[in-house]
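In what follows, a single structure is set out as structure tokens and then discussed.
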Amino acid sequence: MLTLTRMVFEKQLTGSILQAVRAEFGVDPDPARIVLQHTNPDFEGDVTFVVFGIVKQLKAAPEEAGRKIGEFLVANGDLVEGYSVVKGFLNLLIARQHWMAAMQKALMDPAFGTRKPEPDAHPVVIEYSSPNTNKPLHLGHIRNNLLGWSVAEILKANGQDVRKVNLVNDRGIHICKSMLAWQKTGNGETPESSGIKGDHLAGKYYVAFDRMLKEELAGLVKKGMSGEEAMKKSTLMEEAREMLRRWEAGDPGVRELWKRMNGWVYEGFDSTYKALGVDFDKIYYESDTYVEGKKIVQEGLAEKVFYRRPDGSVWIDLTADKLDEKVILRADGTSVYITQDIGTARLRYDDFSFSRMIYVVGNEQDYHFRVLKIIISRLGMGFSEWSDAIEHLSYGMVDLPSGKMKSREGTVVDADDLIEGMRSETEARTRELGKIGDFESVEAHELYRVLAMGALKYYILKVDPEKRMLYNPEESIDIHGNTGPFIQYAYARIRSVLRKADATEQVAGYASMEVSSYEGMNEKEKTLVCHLAGYPDAVREAGEKLSPAVVAHYVYEAARLYNQFYHDHTIVDPARENTSMFRLQLSVWAARVMASATHLLGMEMPERM
RNA sequence: GGUCCCGUAGCUCAACUGGAUAGAGCAGCUGCCUUCUAAGCAGCAGGUUACAGGUUCGAGUCCUGUCGGGAUCGCCA
């Protein structure tokens, strides 16, 4: 079972098989029952038709049916040149010239594997990253950012018009805590004066607030209060709440400090985003969208979608959908998380009139998005018709070998530290190998960056998004086996071969060679051709599943197969001009597919390493 | 307790959505560099797919139950 090779001639074969069945048995099975799969390498053939699916309808034994269909396919048309039947499996051999034609066509298409944009299609909006402005980004954000960016690229490759958006949670009690601690203990410290990156500086004061609060609470508890009581009586908490009220009231002093500190944070985020290679078409700020949310709540109240409790809080009853009642607005009239999400959704619809909106958010918020979807479907006002367009791309948590990341226990892995650690570790390993001559050059340092980020991105993205994953620092910087650098290495070797071929007079014209003039095709070559021809299907499947892991597994397999081919066969052999040129063409194709696929993962490919 | 996810080799991940003998990598052991980059290739070993039933030509995949792990059920985000 070769799991990662796709069905290249599926359409033609399905048609031919239907034709064969009609001719031999006089019935028309449902095309959905024509199950094709790649032939298990232990058997001879390229594509296997699973006869079981239609055997009942044919009223024939599986083997006999397989033989008749196989015979028909060989006799009629030139696609199938041989067959064999094993139990209920009809193994078909695709004629060589069809593989060659597929390869030739791919070589002539610079965008091989991707689909052209559909004209007039409504855009797909994808939200990812969505940080809070009180702390720097951590490992969890890295998974989110890499996933969001990659899924956006995959959808683009599937012909969709994609808009990447970010929603910054820039307001609320958390940022007030940082502000307050900075006022009290900061002595005017800035990123410039301290040399600390802006987001880390804000995080430093968030932590400082937490420490001060703990001290105060401990004191109060010592005086005999309960934990809950102490939280209510805490002057620090009261000051933070007061600051939030002043912020909502538009107090100029508070607003100015808020803008200043958030400005530092954005500078810090920008540099992390740049290092990760992610970007956005539009950034939304919660401080803008929550106002829209509150407006919609009023409209929803008028339409009786929501109801008000005596204390003034606003609710929605979701028991009909087997959920419970959810608060939409606090008793004091301030908004909660979901309030602003409703507002943001409508603002985005006004902005983009999207056909889909995908939220890349961790699976701990599955419930939240179920609720959001139902609320939007219940609201009138042009809402309900697009509630189906809302999708939650829910991904699993990132664990560490020591267990879960916990901010309390200080086990949270900082994104910037992680990236820098990967880079320096990659540098050390590359130097150890001693392959590149000039370690001080700009190119060398660029290579360390490319390899480090390639390792990190591949390590994160190869795991199916919906699954919880383990981040093992040791393994993430590995360069052997199923890793990013393994793929980069395969690519760099191809580029090296091609550079030499370009300089070799005898074969320098390989690019214009008609591949069908090559008579051979050994096993390794064929396996590679087969796999490369399946690239468009991998892109399509990744788009359907919103899963970069599909692309990751595909491209790893491509690199693995190429390495086997490279190892077993000499590519440039002056004594065999035609063979050399075919193998160079095959190498060009492999390199292009690898470059294209890894681009979808946000990886860069080195010319040499 | 209610709801929802997950359980595959010692470890990290696959398995084309029901198809053939469940595949890779890491870790372990063994080979292969005077020849296009050995960051590579090949081999050995490693499995009752948590467990028990069921559905059918066929189940890691679907259904029921059990056990184990996680998330969520805030006027936090």
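Just so we're on the same page: letters track the sequence lines, and every chain starts at 1.
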In whole angstrom, give the distance that lies between atom NZ of A:Lys406 and atom P of B:G70. 10 Å
Distance test, side-chain N/O of [X] to OP1/OP2 of [N], below 4.0 Å:
| X | N | answer |
| --- | --- | --- |
| A:Ser496 | B:C36 | no |
| A:Lys322 | B:C73 | no |
| A:Lys467 | B:A14 | yes |
| A:Lys404 | B:G70 | no |
| A:Arg493 | B:A38 | yes |
| A:His368 | B:U72 | no |
| A:Arg560 | B:G23 | no |
| A:Asn482 | B:A24 | no |
| A:Gln365 | B:A77 | no |
| A:Lys500 | B:U37 | yes |
| A:Arg583 | B:C36 | no |

Nucleotide paired to [N] in any strand shown, Watson-Crick or G-U, under 3.5 Å:
| N | result |
| --- | --- |
| B:G40 | B:C32 |
| B:C57 | B:G19 |
| B:A14 | none |
| B:U3 | B:A71 |
| B:A52 | B:U64 |

Contact class for [X] (heavy atom, under 4.0 Å): base, sugar-phosphate, or nothing?
| X | answer |
| --- | --- |
| A:Val50 | base |
| A:Ile479 | base |
| A:Val572 | base |
| A:Leu451 | base |
| A:Ala492 | base |
| A:Arg429 | nothing |
| A:Thr483 | nothing |
| A:Met397 | nothing |

Taking the [atom1] atom of each, how far is [N] from [M], in whole Å?
| N | M | atom1 | value |
| --- | --- | --- | --- |
| B:G70 | B:G25 | P | 32 Å |
| B:U49 | B:G68 | C1' | 16 Å |
| B:G53 | B:U30 | C1' | 45 Å |
| B:C62 | B:C16 | P | 11 Å |
| B:C4 | B:C11 | C1' | 28 Å |
| B:U12 | B:G31 | P | 30 Å |
| B:G65 | B:A24 | C1' | 34 Å |
| B:G19 | B:G7 | C1' | 24 Å |

Is there a stack between A:Phe52 and B:G58, judged by ring centres under 5.5 Å and planes under 30°? no
Has A:Phe43 got its ring stacked on the base of B:A20, with centres under 5.5 Å and planes less than 30° apart? yes
I want to verify a distance call: between [options], whose nearest atom is closest to the [X] side chain?
| X | options | answer |
| --- | --- | --- |
| A:Glu364 | B:G70, B:A71, B:U21 | B:A71 |
| A:Glu475 | B:C11, B:U37, B:U3 | B:C11 |
| A:Val336 | B:A14, B:A77, B:A20 | B:A77 |
| A:Asn169 | B:C13, B:A77, B:C73 | B:A77 |
| A:Tyr566 | B:A77, B:G40, B:C36 | B:C36 |
| A:Met469 | B:U21, B:C13, B:C75 | B:C13 |
| A:Tyr489 | B:A77, B:A38, B:A20 | B:A38 |
| A:Asp464 | B:G40, B:U37, B:A14 | B:A14 |

Does NZ or CZ of A:Arg171 fall inside the cone over A:Tyr285's six-membered ring, less than 6.0 Å from its centre and within 45° of the axis? no
Here's one to test your reading of the geometry: is the NZ or CZ of A:Arg143 within 45 degrees of the ring axis of A:Tyr395 and under 6.0 Å from its centre? no
Hey, can you tell me if A:Phe486 and A:Tyr556 have their rings parallel, tilted or perpendicular (30° and 60° cut-offs)? tilted
Parallel, tilted or perpendicular: which one describes the rings of A:Tyr359 and A:Phe369, with boundaries at 30° and 60°? tilted
Modelled atom types, side-chain donor and acceptor of A:Asn145 and A:Ser129, under 3.5 Å: yes
Are any of the side-chain nitrogens in A:Arg67 or A:Glu63 under 4.0 Å away from the carboxylate oxygens of its partner? no
